[in-house]
*Asks:* 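Below is a structure I'd like to ask you about.
These numbers come from a predicted model, not from an experiment.
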Amino acid sequence: MPARVSVGQGLRWCGVAILLTLIGLVVFVVQLPHAMLGEDIAPADGIVALTGDNGRLGPAVELLEKNKGQRLLITGVYPKTTKQDLKILTQGAARFDCCADLGFEATSTRGNAREAAQWAAAHRYKSLIVVTADYHMPRSLLEF
């Protein structure tokens, strides 16, 4: 048997839905992690940079150059991209040549986590620094 809803009730429910959505957005934004500077980050065994929008690779390479990790994995790299391309793009220095690895398999955040887990296991790493965008960090850490 169909329920009967008045226009006023429908508008109230739409208002409630919009209000709950806005509250959820505010909670999400407030809980975003704040960007940390290289000096504030404790060293780890390895560094993992998730490709995506701009601003992820430079900080990851900087952490590598400051010896915050033994090696760097850049995961989700476009298959035609070379290590030299990324070195030039990120202004990588001496440690980039020896200690940066490229992962070409990942096409999603879950794939990034899988690729990073295999890389960390192969190097017997127990701790990682994950570099991604602030809005992407909660999902990334959930997948990792």
Side-chain angles (χ1 to χ4, degrees), residues 3 5 7-144:
V5 178
V7 173
Q9 286 176 318
L11 289 175
R12 274 194 293 271
W13 282 113
C14 284
V16 168
I18 290 170
L19 180 63
L20 289 175
T21 301
L22 290 174
I23 290 171
L25 178 63
V26 169
V27 169
F28 174 77
V29 169
V30 168
Q31 291 182 346
L32 285 175
H34 299 287
M36 298 176 72
L37 301 175
E39 294 77 29
D40 296 337
I41 298 174
D45 294 330
I47 303 162
V48 178
L50 283 62
T51 56
D53 60 0
N54 296 336
R56 298 180 189 190
L57 300 183
V61 170
E62 186 177 332
L63 290 170
L64 177 68
E65 297 296 341
K66 289 182 176 181
N67 293 311
K68 295 292 184 171
Q70 296 169 34
R71 298 191 70 77
L72 164 65
L73 170 65
I74 302 172
T75 177
V77 177
Y78 180 69
K80 293 184 180 181
T81 303
T82 66
K83 190 169 181 178
Q84 187 63 27
D85 292 337
L86 291 178
K87 182 178 180 181
I88 291 167
L89 178 72
T90 62
Q91 300 174 4
R95 290 206 67 216
F96 192 89
D97 291 328
C98 76
C99 306
D101 301 314
L102 307 184
F104 297 98
E105 300 299 318
T107 58
S108 66
T109 305
R110 181 168 289 164
N112 292 137
R114 196 174 305 118
E115 194 167 56
Q118 292 169 351
W119 176 81
H123 291 285
R124 299 179 185 211
Y125 290 162
K126 303 275 187 232
S127 60
L128 298 174
I129 298 169
V130 177
V131 180
T132 189
D134 56 356
Y135 66 87
H136 190 237
M137 188 61 77
R139 172 139 191 265
S140 299
L141 292 179
L142 181 66
E143 295 292 347
F144 272 71

*Asks:* Stepwise, does the side chain to side chain contact (heavy atoms under 4.5 Å, CB included) test hold for Trp119 with Val48?
*Replies:* CA-CA 10 Å; Trp119 176 81; Val48 178; 3.9 Å; yes
*Asks:* Between Thr90 and Arg56, is a side chain to side chain contact (heavy atoms under 4.5 Å, CB included) present by the stated rule, with each step listed?
*Replies:* CA-CA 10 Å; Thr90 62; Arg56 298 180 189 190; over 6 Å; no
*Asks:* Is a side-chain donor or acceptor of Glu105 paired with a backbone partner of Glu115 at a separation under 3.5 angstrom?
*Replies:*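 No.
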*Asks:* Once you round to the nearest 0.5 Å, how far does CZ of Arg95 lie from CD of Gln70?
*Replies:*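 It is 8.5 Å, given to the nearest 0.5 Å.
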*Asks:* If I take atom CG from residue Asp101 and atom NZ from residue Lys83, how far apart are they, to the nearest 0.5 angstrom?
*Replies:*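 Result: 6.0 Å between the selected atoms.
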*Asks:* Side-chain contact, heavy-atom cut-off 4.5 Å: Leu19 with Val16?
*Replies:*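 Result no, sub-4.5 Å side-chain heavy-atom pair not found.
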*Asks:* Counting N and O atoms only, with roles assigned by atom type, does the side chain of Lys68 sit under 3.5 Å from a partner on the main chain of Ile41, one being a donor and the other an acceptor?
*Replies:*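 Looks like yes, one N/O pair under 3.5 Å.
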*Asks:* Assess the residue pair Glu65 and Phe96 against the criterion (side chain to side chain contact (heavy atoms under 4.5 Å, CB included)); give the C-alpha distance rounded to whole Å, side-chain angles, the decisive distance to 0.1 Å, and a yes or no.
*Replies:* CA-CA 8 Å; Glu65 297 296 341; Phe96 192 89; 4.0 Å; yes
*Asks:* As an exercise, state the distance from CG of Leu57 to CG of Leu86, rounded to the nearest 0.5 Å.
*Replies:*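 If we round to the nearest 0.5 Å, Leu57:CG and Leu86:CG are 6.5 Å apart.
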*Asks:* Which atom pair, heavy atoms only, marks the closest approach of Leu64 to Gly69?
*Replies:*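 The answer is CD1-O, 3.9 Å.
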*Asks:* Closest heavy-atom contact between Gly111 and Ala106?
*Replies:*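 Between these two residues, the closest heavy atoms are C-CB, 3.3 Å.
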*Asks:* Work out which heavy atom in Phe104 is nearest to a heavy atom in Pro79; give both atom names and the distance.
*Replies:*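 Shortest heavy-atom separation between Phe104 and Pro79 comes out as CD2-CA, 3.7 Å.
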*Asks:* Are any non-hydrogen side-chain atoms of Val131 and Leu50 less than 4.5 angstrom apart?
*Replies:*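 Side-chain contact under 4.5 Å: no.
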*Asks:* Picking from Val130, Leu63, Leu73, what satisfies side chain to side chain contact (heavy atoms under 4.5 Å, CB included) with Ile47?
*Replies:*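 With Ile47 as partner, side chain to side chain contact (heavy atoms under 4.5 Å, CB included) holds for just one option, Leu63.
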*Asks:* Looking only at heavy atoms, what is the nearest atom pair of Leu72 and Ala60, with distance?
*Replies:*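 Looks like CD1-CB, 3.9 Å.
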*Asks:* Going by distance alone, is a donor N or O of one side chain under 3.5 Å from an acceptor N or O of the other, for Glu143 and Thr109?
*Replies:*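 Judged by distance alone, the side chains do not pair up.
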*Asks:* Are Thr81 and Leu102 close enough, and set up right, to give a side chain to side chain contact (heavy atoms under 4.5 Å, CB included), and what steps lead you there?
*Replies:* CA-CA 9 Å; Thr81 303; Leu102 307 184; 5.5 Å; no
*Asks:* Less than 4.5 Å apart, any side-chain heavy atom of Asp97 and any of Lys87?
*Replies:*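 They are in contact (side-chain heavy atoms under 4.5 Å apart), so the answer is yes.
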